[in-house]
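Remarks on the structure that follows.
Just so you know, ligand 1 is whichever comes first in the structure, and atom 1 is the first atom listed for that ligand.
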Amino acid sequence: MLLGAIEAGGTKMVCAIGNENGEISEQTSIPTETPELTIPKMISFFQGKGIEALGIGCFGPIDVNRNSDTYGYITTTPKPGWKNFDMVGTFKREFNVPVGFDTDVNGSVLGEYTWGIGKGLNSCIYITIGTGIGVGIIADGKLLHGMLHPEGGHILLHKLPEDDYKGFCPFHENCFEGLAAGPAIEGRWGKKAVELADNSEVWEMEAEYIAQALVNYTCILSPQRIILGGGVMHQKQLLPMIRSRFEKLLNGYLKTKELEDLNSFIVLQSLEDKQGIMGALRLGMMELDNSCHSAKA
Ligand code: ADP
Ligand code: ZN
């Protein structure tokens with residue numbers, strides 16, 4: 001079965017063709033300019049390929065409420081041209097196949113849950129720490145939504161007294177994304193994160209903020225595993241520091257078999273940064289299944 005997948009990001013649109021086993025046979029990356037420039041290039045990539053369904057993991061906020069008039073739209077992004085853009089409708093009209101749609105990070109957690117280190121679990125979360133921070137959540141075997149979808153990058157954290165950086169989120173002074181995404185590291189220390197690899201102060205502060213967030217997610221969502229990805233997590237020294245701060249901050253409050261082994265509770269993504277696009281394939285497959293069932297009903 002041939003499926004299409006899109007990982008729609010603020011800087012690039014990754015488009016791929018793959019199958020029901022998560023195997024990708026063809027992939028391309030198109031810069032995210034305005035919809036007028038970018039969408040025709042995406043459409044022409046998929047044309048004539050015979051896809052049976054398409055899945056889109058999309059930057060947000062997006063409308064994932066199937067009962068809403070604007071289901072499938074990107075809603076409030078400041079990105080020029082993409083505000084109130086109808087992603088699902090655009091591709092449905094063009095290809096007339098089922099189109100699955102969710103956040104980019106729900107796509108990533110779905111990829112890991114289906115084919116990666118989340119396989120066999122019932123509840124797990126995926127956190128990307130890159131240009132922004134986002135959290136995708138599988139709770140009780142299902143992608144979590146609500147009135148909208150989780151916006152786990154904007155949880156408020158306790159700012160360290162020695163940190164005088166204001167945070168780069170225009171809405172919150174002390175949210176996780178504003179304090180800890182790649183641009184925050186660069187803004188606080190005046191150099192790109194990758195150039196600060198040897199400065200332990202940088203990574204201790206980073207690990208503290210990530211660990212605070214992980215304690216919050218653990219207490220609220222009770223995941224069986226926390227999967228970390230995104231550019232900042234390429235700093236290999238960070239993971240053990242996060243585990244150790246996490247243990248201190250949780251302070252023995254919860255006792256579960258998962259928490260006994262933090263090396264398997266807090267882990268890195270396992271699909272070589274393909275979790276997002278693979279998850280988008282799965283979103284397409286799930287939509288195809290749904291549409292077959294509702295056609296039979
Ligand atoms: P995006 O979030 O845009 O999809 P990435 O996940 O690659 O893309 O995140 C980009 C951010 O991650 C940038 O802010 C960059 O500084 C940071 N980053 C990328 N590579 C590294 C690295 N090796 N070490 C530390 N930070 C990195
Ligand atoms: Zn914020």
Which of the atoms in ligand 1, numbered in the order shown and given with their element, are less than 4.0 Å from a heavy-atom of G230? 6 (O)
Which is the closest N/O/S atom of H172 when seen from the Zn ion (ligand 2)? ND1
Closest to the Zn ion (ligand 2), which N/O/S atom of H154 is it? ND1
Any chance the side chains of H145 and D102 put a donor and an acceptor closer than 3.5 Å? yes
Does anything in residues 215-241 pair up under salt bridge (Lys or Arg N to Asp or Glu O under 4.0 Å), and if so which pairs, sequence neighbours excluded? none
Would you say T128 has any N or O atom under 3.5 Å from an N or O of ligand 1, going by distance alone? no
Using distance alone, with no hydrogens and no angle criterion, decide if Q269 and S108 have a side-chain donor and acceptor under 3.5 Å apart. no
Linking I/L/V/M/F/W/Y whenever their side-chain heavy atoms sit closer than 4.5 Å, directly or via other members, would M286 and V88 fall into one cluster? no
Do K49's NZ or CZ and the ring of F45 fall within the cation-pi criteria of under 6.0 Å and 45°? yes
Quick note on ligand 1: atoms under 4.0 Å from a heavy atom of G182 include exactly 14 (O)
Is it the case that over 12 heavy atoms from other parts of the model lie below 6.0 angstrom from the CG atom of D261? yes
Would you mind running through ligand 1 and noting each atom that sits below 4.0 Å from a heavy atom of P183? 14 (O)
Which residue holds the protein heavy atom closest to atom 23 (N) of ligand 1, what is that atom called, and what is the gap in Å? H234 CB, 3.5 Å
Considering only the protein, which heavy-atom contact is closest to atom 3 (O) of ligand 1, and what is its distance? T131 OG1, 2.6 Å
Would a search of protein heavy atoms around atom 15 (C) of ligand 1 find one under 4.0 Å away? no
Only counting residues at least two apart or in another chain, list the ones meeting side-chain hydrogen bond (donor to acceptor under 3.5 Å, both in side chains) with S244. none
Could you check whether any heavy atom of Q235 sits closer than 4.0 Å to an atom of ligand 1, since that is the contact criterion I want to use? yes
Nearest-neighbour protein heavy atom for atom 26 (N) of ligand 1, which is reported as residue plus atom name and distance: A193 CB, 3.3 Å
Can you tell me the protein heavy atom closest to atom 9 (O) of ligand 1 and the distance? G130 CA, 3.2 Å
Verify whether one side chain among N106 and Y126 offers a donor that lies under 3.5 Å from an acceptor in the other. no
For ligand 1, find out whether one of its N or O atoms is nearer than 3.5 Å to an N or O atom of G231. yes
If we ignore angles and hydrogens, is there a donor and acceptor under 3.5 Å between the side chains of D63 and T75? no
